[in-house]
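Report on one structure; see the data block that follows.
Please read all numbers here as calculations on a predicted model, not as lab measurements. The sequence lines fix the lettering, A, B, ..., with proteins before strands; numbering per chain opens at 1.
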Amino acid sequence: MMLANDQDEEGLGSTAYNAEAGRVDVRFADSISLKTTALVIAASDKAGMKGAPRDRINEIIARESKGSLFMQRAHHLAEKDGEKIQSLLQRLNEKDDQSDNWRVSMCEDTIDPQLERYRSQRKKVSTRVVVDLDSFFISCHILDNPELDESPCCVGGPKMISTSNYKARRYGVRAAMPGFIGQVLVKELSGGSECLTFVKSDFKLYHSKSAEVKAILQEYDKTLKMCSLDEAYMDIESYLDAYFSITEGDRDHAAITKRMSNSDDDRPPLQEMASILEIKEVTKNLLHSIRKRVHRETGLTCSAGTASNFMIAKIASDMNKPNGQVFVGPSEEEIRTFLSPLSVRKVCGVGRILEKFLRATLGVVTVADLYAKRAEVNFLFKPATAQFLLRVSIGYSEDSRRESEGGERGDDESAQRKGMSGERTFQPTDTWSDLCVKLESIATRLAKDIQSKGLKPRTIGLKVKLANFNLLTRTNTRQVALFQQAGDGSTQTLVDIAVKLLRDVKRAFVEEHKDKAGFMVRLLGVRCSNFRLERETQPSILQFQKNACDVQLDQLEPGHPLETSAGLSST
DNA sequence: GGGCGCGTTAGGC
DNA sequence: TTCCAGCCTAACGCGCCC
Ligand SMILES: Cc1cn([C@H]2C[C@H](O)[C@@H](COP(=O)(O)OP(=O)(O)OP(=O)(O)O)O2)c(=O)[nH]c1=O
């Protein structure tokens, strides 16, 4: 039977997660001024980093990054952050000058009652599960080519790494690191005996493996949501319901799933069919067997986190990577024990910036700190952020899922997509005709994708990254959507609009900087969004043909090669 | 006041 | 030869328009 007790690695209880994993790097914890290294070195407690010679890694990264335009910009931004931090500190001081017990009243009057309400709304059982495939991209390639895993390798190229295997992670090579630095890392730290292998990404492969995994997981929750190719958010409550409603000897997977589909949902709540302890054991075994099945049937290993909400489950899924799982019980006590010592950065939604601000302004590093400083947090941050952080402080998230997701198109995926885009980085150039050629290629490629999905975008956006990494964007929304029907010239229109936007951006830039030569571009991107809904009534084209928003085609000389129409004579 | 459009920022995979 | 990707969502502040 499926729920048999296999006993590989872990088998961890709610509090037996790796105590190292969430520990804060004390070298940065007490310092507000950030050095070069701190700007770049991401959480070094990621899976697979244990045992790596961290100081040498940091040293090499700092050395290889020094003086680059990228780092110059990073420093510039860090300075601006510093100013913001100062102004926040100022506000806090003023508040303290005005009143000395505002914290107490703020907690008593608003925060604590709110948190209490949240606590009362918690699910009583831990049935939320996050499943995350290990080193997903590179694992897919290793499946086809096992020798890859014998040495450090990664998916990506000299410019950027998407993910790496564990041999590479030992040397500090990780996602979002430029490949050339990864290469130096491996060569130097291995004393020249090893070399980082780059593998080209292959999204067809990832999609197909992802679909295999999804199909398996769906047997345990039909309504599961794939948040990305390698991450599933699911709720196994129905499965457990069915499990416990079947008499003990007959509880095999087939019977359970059959029972699940007969949704005569009049069963008593889970907590009444079994004890919390029993549920916990069954859940842990279930997750074990699910992961084992995924591995057997796809060759991929994955990690899982189980908790009473997705916020906690997501963190838990990362605690025992790779190929492990963590269960966090539903009680207030268990949640607090799990969350308190963790860095706030562990929480999905708290990124580099928020982490930095919390530490620099309030000295908040862990979730426990966050709770202790909840009044200050509530005062200092914008309402939405403050609310979010308060929820984080007690580990509460509303993830009622079950969203109907009425995605018009019965079509498989593409459910409610908000936008589609394409972008390309290249050797920086300020040659107008070159930029136009690149832009045209990006736009036409995107047009194909848009058409194949049957999307009808109303707004077109341009993205320009300058050589100094500054980002500029410009959009244009039209009354009438593009790509309404095949062969309506929309591809050309898309190209024309993109070029027009580029011309606008350049004009504005030159205007502002009085600097024609400074328009050195390293990336161009085109984005389509604001899709017309399937059945939506369309305003008559006659009604709007004079609208100033819509690009006038006759001004763009459609059909002419870019280099000679929009091209060359830009301003 | 709300809704929309635009430019930017933060965050995640 | 190389010197920091490419794709996606959400939110906010602002101006503009009913
Ligand atoms: C973080 C990250 C991931 N990816 C891709 C490659 C990853 O394999 C895939 C899933 O991301 P993750 O789940 O974040 O990472 P991972 O699966 O590679 O490794 P881990 O075992 O530590 O979870 O998304 C990027 O393209 N860019 C990124 O910045």
query: Is there a side-chain polar atom (N or O) of A/Thr425 under 4.0 Å from OP1 or OP2 of C/dC4?
result: no
task: Taking ring-ring contact (aromatic ring centres under 6.0 Å, His included) as the test, write out the residues that go with A/Phe379, two or more places apart.
output: A/Trp102
message: Among residues at least two apart in sequence or on other chains, which ones pass side chain to side chain donor-acceptor pair (under 3.5 Å) with A/Glu231?
response: A/Lys314
query: Is the base of C/dC4 touched by the side chain of A/Ser65 through a donor-acceptor pair closer than 3.5 angstrom?
result: yes
Close N/O contacts between protein and nucleotides 8-15 of chain C (under 3.5 Å):
from	atom 1	to	atom 2	distance (Å)
C/dC8	OP1	A/Arg417	NH1	3.0
C/dC8	OP2	A/Ser421	N	2.9
C/dC8	OP2	A/Ser421	OG	2.3
C/dT9	OP1	A/Lys418	N	2.8
C/dT9	OP2	A/Arg527	NH2	3.3
C/dA10	OP2	A/Lys418	NZ	2.8

Length of the line joining A/Glu64:CD and C/dT2:P, which is rounded to integer Å: 12 Å
query: Is A/Phe136 touching bases, backbone alone, or none of the nucleic acid, heavy atoms closer than 4.0 Å?
result: nothing
- prompt: Is the distance from OP1 or OP2 of B/dC4 to the nearest side-chain N or O of A/Arg458 less than 4.0 Å?
  reply: no
query: Under 6.0 Å from the six-membered ring centre of A/Phe388 and within 45° of its axis: does the NZ or CZ of A/Arg391 meet both?
result: no
query: Within this structure, what is the CD1-to-P distance between A/Ile450 and C/dC7, rounded to whole angstrom?
result: 12 Å
- prompt: Using a cut-off of 4.0 Å on non-hydrogen atoms, how would the nucleic acid contact of A/Gln183 be classed: base, sugar-phosphate, or nothing?
  reply: nothing
- prompt: For A/Phe180, which residues count as a side-chain contact (heavy atoms from CB on, under 4.5 Å) partner, sequence neighbours excluded?
  reply: A/Pro178
- prompt: Rounded to the Å, how far apart are A/Gln72 CD and C/dC4 C1'?
  reply: 14 Å
message: Any salt bridge linking A/Asp504 with A/Arg474? Criterion: basic side-chain nitrogen under 4.0 Å from a carboxylate oxygen.
response: no
- prompt: Given that A/Glu423 and A/Leu69 both sit by DNA chain C, which one's nearest nucleotide is further toward the 5' end?
  reply: A/Leu69
- prompt: C/dC7 P sits how many Å from A/Leu523 CG, rounded?
  reply: 9 Å
Atom pair distance, as rounded to whole Å: CZ in A/Phe70 and C1' in C/dT2: 17 Å
Residues which pass side-chain contact (heavy atoms from CB on, under 4.5 Å) with A/Lys209, listed by chain and number, not counting sequence neighbours: A/Phe136, A/Cys140, A/Leu143, A/Leu205, A/Glu212, A/Thr298, A/Leu300
- prompt: When you check the gap from the basic side-chain N to the acidic O, do A/Lys167 and A/Asp149 get nearer than 4.0 Å?
  reply: no
- prompt: In terms of side-chain heavy atoms of A/Asn530, which of C/dA5, B/dG5, C/dC4 is nearest?
  reply: B/dG5
Global bending angle along the helix from B/dG1-C/dC18 to B/dC13-C/dG6, which compares the axes of five pairs at either end, to 10 degrees: 10°
message: Output the rounded distance in Å from CZ (A/Arg63) to C1' (C/dC3).
response: 13 Å
- request: Identify, with sequence neighbours excluded, every residue that meets ring-ring contact (aromatic ring centres under 6.0 Å, His included) alongside A/Tyr118.
  value: A/Tyr396
- request: Could you check how far CD1 of A/Ile61 sits from P of C/dC3, rounded to whole Å?
  value: 19 Å
Which residues share a side-chain contact (heavy atoms from CB on, under 4.5 Å) with A/Ser87, sequence neighbours left out: none
Contacts of A/Ser201 that satisfy side chain to side chain donor-acceptor pair (under 3.5 Å) - sequence neighbours left out: none
- prompt: Which letters describe nucleotides 8-13 of chain B, given B = protein heavy atom under 4.0 Å from base, S = only from sugar-phosphate, - = neither?
  reply: B-SSSS
- prompt: With A/Asp430, which residues qualify under side-chain contact (heavy atoms from CB on, under 4.5 Å), at least two apart?
  reply: A/Met520
statement: Contacts of A/Glu194 meeting salt bridge (Lys or Arg N to Asp or Glu O under 4.0 Å) (sequence neighbours excluded), chain-then-number -> none
query: Given atom CZ of A/Phe180 and atom P of C/dA5, what is their separation to the nearest angstrom?
result: 10 Å
